[in-house]
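Naming convention: chains lettered A, B, ... in sequence-line order (proteins, then strands); numbering from 1 in each chain.
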2 protein chains.
Amino acid sequence: MGTARRVLPAGGLTSAHIQPEPMVHSDQRVTFRIAAPEAASVQVVPRGDDNGMGPGPYPMKKEEEGVWRVTIGPVRPGFHYYEFCVDGARCLHPHAEVYWGWGQAVGGVEVPDPELDFYDPKDVPHGELRLHRYHSRITDTLRRVIVYTPPGYDRDGAACPVLYLQHGAGESERCWSWQGKANFILDNLLAEGHARPMLVVMANGYAARPGAADPGRPSREENAFEEVVVKELVPRIDDRYRTVADRQSRAIAGLSMGAGQALRIGLGHPEVFGSVGAFSGGGRDFDPATSYGGVLADPDRAAEQFRLLWLGCGRQDRLYDGARGMHETLEATGIKHGWFECDGAHEWQVWRKCLRQFAPLLFSE
Amino acid sequence: MGTARRVLPAGGLTSAHIQPEPMVHSDQRVTFRIAAPEAASVQVVPRGDDNGMGPGPYPMKKEEEGVWRVTIGPVRPGFHYYEFCVDGARCLHPHAEVYWGWGQAVGGVEVPDPELDFYDPKDVPHGELRLHRYHSRITDTLRRVIVYTPPGYDRDGAACPVLYLQHGAGESERCWSWQGKANFILDNLLAEGHARPMLVVMANGYAARPGAADPGRPSREENAFEEVVVKELVPRIDDRYRTVADRQSRAIAGLSMGAGQALRIGLGHPEVFGSVGAFSGGGRDFDPATSYGGVLADPDRAAEQFRLLWLGCGRQDRLYDGARGMHETLEATGIKHGWFECDGAHEWQVWRKCLRQFAPLLFSE
């Protein structure tokens, strides 16, 4: 990896073309620029306390013709959220990529890792990302689901197993494809024969019941996501797509908030899901005897029920101790599971690596 | 229409949830707000000289706790581009919808028309929007195409005719679905039985040859879009989708720059396309004897070759005279065609109406 890399320009969220800002240099420093001729103070503000750009904020300096500039780094490889602050206004640059995170539109910078290319768009067959909409009777809204279909899905008669893959708090159904590059990770794994062709269903983890105080980010009590998954989404996907509609061919995984959802929904519904993955989340106060309705209390029965129970976390993640604690408890009580750790914080680069480790283990014979 | 409207919240480009800014009032006034505690001057800047918000810029007034505010309007119903200007910095609000237009990420405000609901997301079956990627040998990039598949496409064995639908200058393959709501327009027409089920293929009209000076917006000479459509896209769609692969079941239409492309590519390739639509563009200096290689020179032969030749334009559009001129010339020379005009400028509300008029006429027996 890392040599003779052949990456195709793939564009961003809003445009098929690469946006020119910010400039990422080959030494992993990043230069931000913004025109603000009359501003008194402009900064780049990384979002999150363990952002790979460092904590910031980074004051910019006014240079030629009202353009402010700052070069930071070297920045940790991966994807990092940021915004600009112009005289106190948090805002986005019209010539930079726009993502969704922190419950808002937000900037994001992608710093290539010279050692890694498993998530790059390469000259291999590409699956499709389908925006599927349906009227949810539970939320009474038009819900959006993004479904990755593997290359050849439309031509092959074969039914596919399904991975349900969840984003983190403040993110959306788009994040696993845009920030996470899940589609390119799967494309590349499939091209190398390292994973079984599968559908990846990416739903919005917020599913506010009608009348919820904050429909965009409902409280846990007002969030009907578990009900939506089990009663609406799984039956709908099985009805509309060519799936292997049995629990052994159905997995659920997620990151951070989505990891907690995957554990609760997956382990809480063994009649629906046969495999569960938790990336950088869940595990706090885990007790095999009582957690998740005690479904893991009997190690033999757990191994029989769940083909794959898998945990992953970055070693510099603030949630590492919780995840590692769950792994150690599973280990100590002899409950079969997978564990993966790597350098990294609470960030997309770790979750990309988790997906790359996790997906090949799914749906094996 | 307009009574007992049942519209489902459908979310925006980046999020499944409606963004709270700006606020659109029932009297069609719009209130913009942005926090900029230390700014000296903040404006809302409509983009385009016949913007339905009026020309602007609209100075905002600093009110409580550093929040600037302005209420404008009533604003013309439809979709209008805008951005904020904070002490000279053109920027986007993180809590407002983000679109792509003018060759950049840009704000957009949607003002409902109390008289119209044909483009609203309703409780009807919804087609899918598929993001299809492929490696173009012509541009040597990973090109993105968005393909609308009608409800039931995956279950019905029937092959579909195909409409190729192009955006305007500075826009992208996403615009017909996000700004234009083409998918909802088709969903609604199909639910009412007013159109034949069809695929709608939305490609990026910029296809820079390798080495082009501006890959995002290549010059006409460096833009290989015609070649991409004829040599790559049409064969690929026919190969990967269940299409009726003949010219009579293939149409091309577009708006503004895309109207010119539709006329040139459609009329220039009668072996590929049997129907052509031009919304608010093309037609300048049209001469039936010589334009488009003289393909329309013989009215009988033109009517035989092109099942549908269709022009539409807003009466307040700066390109109206050109479009109307082409219509009158076609009329005078007895060349069979369709013509539609309505109130409106060079704006999405007109193009939505064009699509609604045009689509039902396509692929009829």
Measuring heavy-atom distances to chain A, does B:Ala39 have an atom under 4.5 Å in its side chain, in its backbone, in both, or in neither?
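Answer is both: backbone and side chain atoms of B:Ala39 are under 4.5 Å from chain A.
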
Contact part of B:Asp214 toward chain A, heavy-atom cut-off under 4.5 Å: side chain, backbone, both or neither?
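For B:Asp214, neither part sits under 4.5 Å from chain A.
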
Check: residues 82-90 of chain B side-chain donor-acceptor pairs under 3.5 Å, at least two apart:
{"unit_1": "B:Glu83", "atom_1": "OE1", "unit_2": "B:Gln104", "atom_2": "NE2", "d": "2.8"}
{"unit_1": "B:Glu83", "atom_1": "OE2", "unit_2": "B:Arg47", "atom_2": "NH1", "d": "3.1"}
{"unit_1": "B:Glu83", "atom_1": "OE2", "unit_2": "B:Arg90", "atom_2": "NH1", "d": "2.6"}
{"unit_1": "B:Asp87", "atom_1": "OD1", "unit_2": "B:Ala40", "atom_2": "N", "d": "3.0"}
{"unit_1": "B:Asp87", "atom_1": "OD1", "unit_2": "B:Ser41", "atom_2": "N", "d": "2.8"}
{"unit_1": "B:Asp87", "atom_1": "OD2", "unit_2": "B:Ala40", "atom_2": "N", "d": "3.2"}

When A:His132, A:Arg130, A:Arg242 are compared by non-hydrogen pairs under 4.5 Å with chain B, the top option
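It is A:Arg130.
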
[X] and [Y]: which non-hydrogen atoms are nearest, and at how many Å?
X        : Y        : answer
A:Ala105 : B:Val98  : CB-CG2, 4.0 Å
A:Arg133 : B:Asn183 : NH1-ND2, 3.0 Å
B:Asp123 : A:Arg137 : OD2-NH1, 3.6 Å

Just how far is it from atom CD1 of B:Ile34 to atom SG of A:Cys91, taken to the nearest 0.5 Å?
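One gets 6.0 Å once the value is rounded to the nearest 0.5 Å.
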
Please report the interatomic distance CG(B:Leu129) to CD1(A:Ile146), rounded to the nearest 0.5 Å.
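Separation between the atoms: 10.5 Å.
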
Qualifying residues under salt bridge (Lys or Arg N to Asp or Glu O under 4.0 Å), relative to B:Glu38, sequence neighbours excluded:
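With sequence neighbours excluded, B:Glu38 shows a salt bridge (Lys or Arg N to Asp or Glu O under 4.0 Å) to no residue whatsoever.
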
Are any of the side-chain heavy atoms of A:Arg240 and B:Arg155 separated by less than 4.5 Å?
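Yes; the side chains approach each other to less than 4.5 Å.
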
